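So you know, we letter chains A, B, ... as the sequences are listed, proteins then strands, and number each from 1. What you see is a predicted model, and the numbers here were worked out from it, not measured in a lab.
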Protein chains: 2
Amino acid sequence: MGTLVGRGHCLTCPIRPQSLFGCLEHDELSLIEDFQTRVVTYDAGEVVYSEGERLNLIYTLRQGFVKLTRFNSEGEAQIVRIVKPGDLFGYEKLVVDSNYRHTAEALGHVELCQLSVERLKELREQSSAINQAIIERALQQVMKTEEHLTHVSLLKSKARVAWFVLDWVAEQDSAPMPLSRRELGQYLGLTVETVSRHFAELKRLNQISEKQGVLSVLDRDALEELSGVL
Amino acid sequence: MGTLVGRGHCLTCPIRPQSLFGCLEHDELSLIEDFQTRVVTYDAGEVVYSEGERLNLIYTLRQGFVKLTRFNSEGEAQIVRIVKPGDLFGYEKLVVDSNYRHTAEALGHVELCQLSVERLKELREQSSAINQAIIERALQQVMKTEEHLTHVSLLKSKARVAWFVLDWVAEQDSAPMPLSRRELGQYLGLTVETVSRHFAELKRLNQISEKQGVLSVLDRDALEELSGVL
DNA sequence: CGCAGGGTTGACTAAGTTCAACAGTGGTGG
DNA sequence: CCACCACTGTTGAACTTAGTCAACCCTGCG
């Protein structure tokens, strides 16, 4: 699973600025001079790692999207995070003796970069900027997850959908939508049918549109009103 | 607000083993030799800090419980975390230029210890164990919050209540219960009434009991069955 | 062509919220 | 010391929301 594309060279990596190593100043760049990584690709639906796996690899997403899922005892899935380009994932490996706590699955074709946990730990000894960057990313993640929790817990289904759309396109007016209705449901804590109905209604009211896997916001004000974000 | 009790001396602090500095080995203990803190107390309902505040203090809880709450635009509250003795909170301050992202409120009488963000950052420069400990705590927190999200998202109300009870008493058979029904609802994403009904039923079936603010598990198997945790 | 999988829609149902009434409890002031 | 009030918790009944079940469409693929 996963096709090796080649070796990554962090120093010249096009997405370094968005990556964990984007925190390094000029004088520290030499630290990653020979920090080599493996660049691998996966196709839609392929699993990058599964809960409990022992391999010691942390990933940076270069292209595409990855979903991180947890399953309860009845086999129902909760998508806890959707990884975007530049994001780090699998970093629960930084906790001593821990294994992956999610299943990571490619949404469409993805390209990612494998970092060895051991090498990253060595690097942490040498650069406090790296430590700070890891702490910041972890804390950002806490915040994101708390927001997700708050929305799932407090918002009605229609508001959740509206919030998701706004959050997904962020500052843009449109963005690719690699999630199926089922996956949206698993992310928002709703059934396929409920998600489908709300999307249908938003389209009927000309507040959003979907064409060839691209989601567009047509009436941002209306969506903000609905989501109750103000 | 908050009463200064005195200065804390980390080296001799009774709860150091559970605290952030519990990670330090013998040879590093000298680092905190003169790391002084302020020990303060708050009474039930007093606010330790509010969302957006600028003070640069991180806290370790010594005694009692603290709830961390977020409010949506309609003023509805979501309790995102209940802090227990030995836990660190307010550490979003470790992200540069960030303010508190919750309201922290004492549940009953609490005693806590204020650490200066600046001094903690200095300490991080000197000890990689501290860095590792902070990263581990942040990642543990991500995991805890994801679990919370999963439960709120996937479990039925009765199962959420059962899960909460088990999670709260942990390995014990009973534990103090400082949360009101309303607060339980705000933690679990339910209304007061729903929580009350389920507690009433669990008591009726002799699966739990409540006496003078102490919650006891009488039939662990039944609760596990209900919560679907297996 | 026929079938599988994702998406949509409608009718019905179950779960939880909302509204309302009331009980218990602790604190305050006359 | 007791009456009153505010607040939390409990319970019932009506109502709303989202889930369930089922039918159907559409697309892509063997």
Ignoring hydrogens and geometry beyond distance, is the side chain of A/Arg197 in donor-acceptor contact with the base of C/dG7 at under 3.5 Å? no
Identify which nucleotide among D/dA18, C/dT18, C/dT8 has an atom closest to any side-chain atom of A/Leu190, counting heavy atoms from C-beta outward. D/dA18
In whole angstroms, the gap separating P of D/dT20 from CZ of A/Arg182 amounts to 11 Å
Within the 4.0 Å heavy-atom criterion, would you say A/Gly189 contacts the bases, only the backbone, or no part of the nucleic acid? sugar-phosphate
Is any side-chain N or O of A/Ser196 closer than 4.0 Å to OP1 or OP2 of C/dG7? no
Residues A/Glu224 and A/Arg220 bridged, charged N to O under 4.0 Å: yes
C/dG16 C1' sits how many Å from B/His198 NE2, rounded? 8 Å
Output yes when a side-chain donor or acceptor of A/Arg182 lies under 3.5 Å from a complementary backbone atom of A/Val192, and no otherwise. no
Shortest side-chain distance from B/Arg181, nucleotide among D/dG9, C/dT9, C/dG6: D/dG9
I want to verify a distance call: between D/dG19, C/dT8, D/dT8, whose nearest atom is closest to the A/Lys203 side chain? C/dT8
Nearest whole angstrom, please: distance from the P of C/dA15 to the CG of B/Leu188. 18 Å
Are A/Phe65 and A/Trp168 close enough, and set up right, to give a ring-ring contact (aromatic ring centres under 6.0 Å, His included), and what steps lead you there? CA-CA 12 Å; A/Phe65 299 98; A/Trp168 184 251; 5.1 Å; yes
Are B/His102 and B/Phe89, when compared by the centres of their aromatic rings, separated by less than 6.0 Å? no
With a 4.0 Å cut-off on heavy atoms, is B/Thr194 in touch with a base, just the backbone sugar-phosphate, or nothing at all? base
OP1 or OP2 of D/dT17 versus the side-chain N and O atoms of A/Ser157: is any pair under 4.0 Å? no
Would you say A/Lys144 has more than 12 foreign heavy atoms packed within less than 6.0 Å of its NZ? no
Heavy atoms only, 4.0 Å cut-off, all strands: where does A/Lys158 land among base, sugar-phosphate and nothing? nothing
Separation of C/dG7 atom P from A/Lys211 atom NZ, nearest Å, is 18 Å
Using whole Å, report how far CD of A/Glu193 lies from P of C/dA11. 15 Å
Considering only C/dA20, C/dT9, D/dT17, which nucleotide approaches the side chain of A/Lys156 most closely? D/dT17
Quickly work out the A/Leu155 CG to C/dT17 P distance and round it to whole Å. 14 Å
OP1, OP2 of C/dG16 versus side-chain N and O of B/Thr191: anything below 4.0 Å? no
What is the separation between atom CE on A/Met177 and atom P on C/dG7, rounded to the nearest whole Å? 9 Å
Separation of B/Glu74 atom CD from C/dT18 atom P, in whole Å? 12 Å
